[in-house]
Every structure is written in C-alpha cells, then in structure tokens.
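Data block below; observations after.
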Amino acid sequence: MRKVYLNGDEAIHDISNGSIIMLGGFGLCGIPENCIAALEKKGTKELTCISNNAGVDDFGIGLLLKKKQLKKMIASYVGENREFERQLLSGELEVELIPQGTLATRCMATGYGMPAIFTPAGVGTEVATGKESRVFNGKEYLLEYAFDADFALVKAWKGDSFGNLIYRETARNFNPLMAMAGKITIAEVEVLVEPGELNPNEIHTPGIYVHRIFQGSNYEKRIEQRTVRN
Amino acid sequence: MLDKNQIAQRIARELKDGYYVNLGIGIPTLVANYIPEGITVTLQSENGLLGMGAFPLAGEEDADLINAGKQTITTLPGSAFFDSAMSFGMIRAGKVNLTVLGAMEVSESGDIASWKIPGKLVKGMGGAMDLVASAKNIIVAMMHTNSKGESKLLSKCQLPLTGIKCVKKVVTDLAVIEITDKGFLLLEKAPGVSVEEIKNKTFGKLIVDGDIPDMIFEQ
C-alpha cells in the first residue's frame, strides 16, 4: 500500500466538510504548515479542530479561522488571536477549553486503545461540570474520554516511506500523541527518506500509526516570541 | 514594597539542590535569574523540555526550541525532550518538586483562580490546571492587590477556579504568606512595609503570630 503522497493537497484530499481533525503543535512550533495551507486552499468548512492552540491571526489555525472554516475548536490556550476572540464572543465559533495535560492524555489514550483516563486536573473547577469522578487513595479524579478524530495532521522532522517519524526538539509536543490518535494520520516531514535510512533506535512514532506521509515545502517555521539575551 | 524581580529573588530562596521546577509565565519566569549558587536546579518546560537554558544569543534562535511562553530558549548539557503526555505524566506523578505560578486570586484555603475573567477575553487554562492538581509544592508569585487596589488574597475566590486547596505559599510585593488550615499565616514582610498595611490589604483571615521579620535579600 502506498503511503507516500505528493504534497499537502493530495494528502488531505478526502477531509470533508464537518470532519473532526487533530493538529499537532504547541503555539506555532511543530505545526503541520503544509496541511493547514492545503485545507485553507480547499476551503473545507464546518471543521472541528483539536489542537493545543488556535494559531495567530495570520498563521497556523488562524488562517482557517479567518476563512471561517471552523465550527468548533477544542484547545487549552487560545490567547494571541483576535479573530478567534471575535468569533467566540459573537457565537460563530463553538469553543471547548480543556487542560493541556488532559488534552495530551486523551490523545494518548486513543493511540493506546484505552477508552478513557482519570486525571485530577480540573477537580473542583468548571471543567468538572457534568463529569463522572472517582476517588482513588483519597484523591478525586475526573473521568475523561479518549478522542475520536477522523484525521490527525502532524509535523515531524524526518520520516521514511513506511511512515516512521522522528521529531526535533520541542517541535515534538503533541505530534507523536496525535499521530497515534487519528483514524487516518497524515504526517508532513522536512526530510523524507527511504526505509533503512533512519536509525530504528531513534524512531519516535512507528509507521504503523501513520497512513500518509509527504515531504513538505516552504516551511516558514514562524517564531511567536523571539527572545534573546545580550 | 518589592518589585517583580525582588519577588522572584525571594522565591528563589525556596529552591533546593536537586529540585525539578516548573516556572509559569510572568514573574515566575524571573526566578530562573536568581537560582542560588552551588545548587543544581533543573527547569521543566511543559511543552516538552527538562533542562531549560537561557535565551539564545541574537542570530542563534531556533524555531523548534521554545518554552511554554513560546519564547525562544536554549538547552543545557543534560537536557531532554519529550512529548506533551510524558510532560504532564511527570507532573501528575509528582516528579516535579516545585511549581511557581502567577494568579489573579488566592483564597485562604489555598484555592487559586488564574485563567478566566467572565465577560472578558478567555485565554484558557493551558497547563495550569494540571500543574495545580498534582504538584506537591505550589508557590504563587503575584502582586498583593489588583490594578484597582483590591486584595487578591481573599476568604473565597470570586473568579472561576483553576484548582482547589493546592497553594502552599504566596509571595507578593508586600509579604510571604503560608496557607494553613486556619488561614493566611504571615511569615515575612517586605522591607518598609508594616503589618498594618498587609492586614488592610488582605481580604481573608490573616494570622499574625508574634514579631514578623523582614524578608532577607542576599546580595
């Protein structure tokens, strides 16, 4: 079976209106830039996006927000985005904010074949509203369900045509977890090589989780908060 | 009255050799500048790094290497990268010895509100709810009062909560306060600040037991 695709347009061709998609990345670090650009070009609407952040006004998921392609956003932190704020306040966009560790672990649960997890994050807060809880060893935990996403769009540094992936530095973040969690996982990489060229000891995501892979192009890798010392 | 750097400097005195520490955004980030000499402290950044180094030199910024505040950073010898589930795994499992974070309100029972002001922009909780639900030792770094001069230390939080019964200590521009079963216990005051002023600016039960020493700042 062919896993290698030509580009983002081809890899995301069957993401349709109303799809539930996960997007890796933390802030603008390690986001699937090519897939986002392809989705923007395709104009797919009514998307539910699961991602830690919602990009900035003119980059990342912010590009899809600007084109009003999102119905719902599930994230942990959505600052730095005025268009997001406008759509949230006007009721155009449905938003579910969940703790960052809960978001990560709900992805992990999907990839590990577990239906749910228990976490203490959010106990006693509005996040706990309507959720089942249990006490273990005297401490209360919330029951949180594994995600059920149609597609996972992830960005890795290197990959091979079997779908094995290696991430770079903190651009790893949510990518390996979401890679495990998509019914169809699409990986874009900076460097695509033949099987055998990556050291098996260094693989972060085994290819079994990855359905489609392509070598991305024109990576901008924008820095949100450029901070330097003297 | 302390400035933000002095609050950070006072909190740095709570650090011990071998500690793994998570520093939140704002004043907590400044604590990294005052790690006492002779001890090893490893900073955890919840986006996936242990062993966070200084900001890079101009020209050496790396878009793949950022902290939880999305600032460019560097690694140190012995640093390690990991994914977000493992990052919150080590937090949940109690491996991180100390968490320092900012807050909008802290209650006398140790509740914290820090992520939402209803009717205004909601930025989200990020990793704060996970951190406060699991950390063994949580110190809040904040100003004693808000921009309207109202106390941020209250008998009960008014804003949506981030976590309950979790804050152990609060360091403000006026005082060091421990959260006890009986309420806010005043431990130290900032140089030049009176106990009376701290009392007036604390809207919760403040326990003043004996003479309250001034905070000490080693040069």
Side-chain angles (χ1 to χ4, degrees), chain A residues 26-30 52-54 75-80 82 85 88-89 95 97-109 111 119-127 139 141-142 157 167-177 204 219-230, chain B residues 45-49 52-75 79 81-89 91-92 111-113 115-116 118-134 160-166:
Chain A
F26 179 92
L28 300 177
C29 181
N52 190 58
N53 312 88
S76 87
Y77 187 83
V78 292
E80 13 280 356
R82 259 166 297 171
E85 182 189 2
L88 170 63
L89 294 174
V95 177
L97 292 169
I98 59 181
Q100 196 177 329
T102 302
L103 177 65
T105 315
R106 286 174 67 187
C107 295
M108 189 198 79
T119 176
V123 166
T125 76
E126 63 181 56
V127 165
K139 183 167 172 153
Y141 294 78
L142 299 181
W157 178 30
Y167 307 91
R168 186 171 178 271
E169 299 175 340
T170 57
R172 190 183 314 184
N173 56 62
F174 286 84
N175 283 301
L177 307 161
H204 295 127
Y219 280 107
E220 193 173 329
K221 291 212 201 178
R222 203 183 285 188
I223 292 173
E224 233 169 299
Q225 305 283 343
R226 187 178 299 274
T227 314
V228 297
R229 73 186 131 107
N230 295 315
Chain B
S45 190
E46 66 265 26
N47 56 317
L49 171 63
M52 183 165 48
F55 297 127
L57 294 167
E60 292 178 8
E61 308 92 325
D62 180 345
D64 289 337
L65 185 49
I66 62 168
N67 64 17
K70 283 109 182 173
Q71 295 169 310
T72 43
I73 45 156
T74 56
T75 53
S79 288
F81 295 114
F82 36 84
D83 67 52
S84 301
M86 186 178 282
S87 181
F88 285 94
I91 288 165
R92 220 179 281 120
D111 297 350
I112 174 173
W115 72 284
K116 185 178 185 180
K120 293 193 182 177
L121 175 63
V122 179
K123 286 182 181 267
M125 67 289 281
M129 282 195 183
D130 307 273
L131 281 159
V132 302
S134 297
L161 294 173
T162 308
I164 53 169
K165 296 184 177 65
C166 53

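In what follows, chains are A, B, ... by sequence order, proteins preceding strands, each numbered from 1.
Here the NZ atom belonging to A:K221 is positioned 13.5 Å from the CD atom belonging to B:E61, to the nearest 0.5 angstrom. Atom CZ in A:R229 sits 12.0 Å away from atom CD1 in B:I73 (nearest 0.5 Å). One finds the CG atom of B:N47 at 11.5 Å from the CD atom of A:E169 (value rounded to the nearest 0.5 Å). Note that CD of A:Q225 is 9.0 Å distant from CG of B:N67, once rounded to the nearest 0.5 Å. Note that CD1 of B:I66 and CG of A:N173 are 7.5 Å apart. Values are rounded to the nearest 0.5 Å.
Ranked by heavy-atom pairs under 4.5 Å with chain A, the list B:D62, B:T74, B:L131, B:L49 is led by B:D62. Counting heavy-atom pairs closer than 4.5 Å to chain A, the top-ranked of the candidates B:A128, B:A68, B:G59 is B:A68. Residue with the most contacts toward chain A among B:L161, B:D64, B:L65, B:L57: B:D64 (heavy-atom pairs, distance under 4.5 Å). When A:R222, A:R168, A:H204 are compared by the number of non-hydrogen pairs under 4.5 Å with chain B, A:R168 comes out ahead. Note on A:L97, A:I223, A:L177: by heavy-atom pairs under 4.5 Å with chain B, the leading option is A:L177. In terms of heavy-atom pairs under 4.5 Å with chain B, the best-connected choice from A:N230, A:I98, A:V95 is A:I98. Of the listed residues (A:G30, A:P176, A:S76, A:A171), the one with the most heavy-atom contacts under 4.5 Å to chain B is A:S76. The residue among A:E224, A:M108, A:K139, A:R106 with the most heavy atom pairs within less than 4.5 Å of chain B is A:E224. Counting heavy-atom pairs under 4.5 Å between each of A:G124, A:G101, A:A104 and chain B puts A:G101 at the top.
Side chains of A:T125 and B:M129 form a contact here, defined as non-hydrogen atoms less than 4.5 Å apart. The side-chain heavy atoms of B:R92 and A:T105, taken from C-beta on, include a pair separated by under 4.5 Å. By the 4.5 Å heavy-atom criterion applied to side chains, A:L28 and B:K70 are not counted as neighbours. You'll find the side chain of A:N175 stays beyond 4.5 Å of the side chain of B:D83, heavy atoms only.
Heavy-atom distances place no part of B:S87 under 4.5 Å from chain A, backbone and side chain included. Of the atoms belonging to B:F81, heavy atoms from both backbone and side chain fall under 4.5 Å from chain A. The contact between A:R172 and chain B is made entirely by side chain atoms (from C-beta outward), counting heavy-atom distances below 4.5 Å. Contact annotation for A:N53: only side-chain heavy atoms (C-beta onward) come within less than 4.5 Å of a heavy atom of chain B. Residue contact with chain A, scored on non-hydrogen atoms closer than 4.5 Å, is absent for B:D111. Of the atoms belonging to B:E46, heavy atoms from both backbone and side chain fall under 4.5 Å from chain A.
Taking each heavy atom of B:A133 and A:P120 in turn, the nearest pair found is CB-O, 3.4 Å. Taking every heavy atom of both residues into account, A:Y77 and B:G124 meet most closely at CD1-O, 3.7 Å.
Atom CZ of A:R82 sits in a sparse spot, with 12 or fewer heavy atoms from other residues, nucleotides or ligands closer than 6.0 Å.
Of the possible polar contacts, none joining the A:T170 side chain to the B:G48 backbone as a donor-acceptor pair under 3.5 Å is found.
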